[in-house]
Amino acid sequence: MSEPLLEIWNLTASYGRAQVLFGLTFQLRPGEVLALVGRNGAGKTTTLKAIMGLVPAIAQKASFKGHSLSHLPTYRIARLGLGYVPENRRIFTDLTVEENLETGRKAAGAGRSPWTPERLFRLFPNLAELRGRRGSQMSGGEQQMLAIARTLMGNPDAILLDEPSEGIAPVIVQMMAEAIRAMKAEGVAVLLSEQNWAFAAGISDRAMVIERGEMRFEGPMAELIADERLRTETLGV
Ligand code: ATP
């Protein structure tokens, strides 16, 4: 088994006096898709934000490619090669697709072939057709794809996606699934926070289920798919 890229031990996080994450331990391995599932308010978004240093959090260990993430500002964490696409898709609405992609460009690490707009257009064929369009003229699903593509322009080794399928037409969700499979095939690891069970189940190698900030399951996605009782109890699916 390969060395983990991202290692999190005993992660806790609070908003003021309200603790919302209770000792989460998990690892993201190179080139895998790891789903983070749980009901509304379970703590999925907070987990991703805690990894990126966007909410106050404490972990016994938090490292990416062997570098400690503790006390690092978010931009330094991103520079280590950890991409993050938040729920609210921060694209520039007054820039075109191509211009948005350029804003995400960063040099690739040694031994990696860098992402280019042309290579990304093969991953997201519908973006190729919209290359001259401004962000404000795109649907929510198209903006979501652009947000992911722009993050890939930074040549990350891993990417944290917060509910990419939220509020998106089913046909676009299908395209998103294809794009995530293709990203994985290109060696990018994905930590996928999702409400959409069918989407997460269809593309993930492993899964974590959190309930009220506690880890209820961590293991192969096939095992979670087979465990109907746990799914009904924790996810209602
Ligand atoms: P959702 O799918 O609704 O985004 P989630 O699983 O991502 O849910 P979080 O957004 O991480 O859950 O929220 C976890 C808990 O923390 C919830 O009880 C939520 O109400 C609370 N919470 C989230 N953000 C804040 C905040 N800024 N201040 C106080 N409490 C918050």
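This is a predicted model, so every value here is computed, not measured. Read the numbers this way: they start at 1 and go in the same order the structure lists the ligands and their atoms. All values below come from the heavy atoms of this structure, side chains included, with hydrogens, waters and symmetry mates left out.
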I'd like to know if the side chain of [X] and the backbone of [Y] have a donor-acceptor N/O pair within less than 3.5 Å.
{"X": "Arg134", "Y": "Asp94", "result": "yes"}
{"X": "Glu194", "Y": "Ser165", "result": "yes"}
{"X": "Asn100", "Y": "Ala147", "result": "no"}
{"X": "Lys44", "Y": "Gly38", "result": "yes"}
{"X": "Asn10", "Y": "Lys61", "result": "no"}

Heavy atom of Gly43, distance to ligand 1 below 4.0 Å: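 Checking ligand 1 against Gly43, which is what was asked, there is a heavy-atom contact under 4.0 Å.
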
For ligand 1, the portion of Asn40 having any non-hydrogen atom under 4.0 Å away: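 Both the backbone and the side chain of Asn40 come within reach of ligand 1.
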
If you count the atoms of ligand 1 from 1 in the order shown, which ones are under 4.0 Å from a heavy atom of [X]?
{"X": "Arg39", "answer": "6 (O)"}
{"X": "Glu163", "answer": "2 (O)"}
{"X": "Thr46", "answer": "9 (P), 11 (O), 13 (O), 14 (C)"}
{"X": "Glu87", "answer": "4 (O)"}

Closest approach of Ala158 to Phe64 (non-hydrogen atoms, all atoms of both residues):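 Distance-wise, the nearest heavy atoms are CB-CE1, 3.9 Å.
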
What's the shortest distance from [atom] to any protein heavy atom, and which residue and atom give it?
{"atom": "atom 16 (O) of ligand 1", "result": "Val20 CG1, 3.2 Å"}
{"atom": "atom 5 (P) of ligand 1", "result": "Lys44 N, 3.4 Å"}
{"atom": "atom 26 (C) of ligand 1", "result": "Tyr15 CD2, 3.5 Å"}
{"atom": "atom 10 (O) of ligand 1", "result": "Thr45 CB, 3.6 Å"}

Side-chain H-bond candidate by donor/acceptor type, Thr46 with Tyr15, under 3.5 Å: yes

Distance-only donor-acceptor check, side chains Gln19 and Thr12, under 3.5 Å: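 Result is no, nothing qualifies.
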
Nearest protein heavy atom under 4.0 Å from atom 20 (O) of ligand 1, yes or no: no

Under 3.5 Å: N/O of Gly41 near N/O of ligand 1: yes

Within-cut-off N or O pair, Thr47 and ligand 1, under 3.5 Å: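 Between Thr47 and ligand 1, no N or O pair is found under 3.5 Å apart.
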
Cationic N near anionic O, under 4.0 Å, Arg29 to Asp205: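 Salt bridge: no.
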
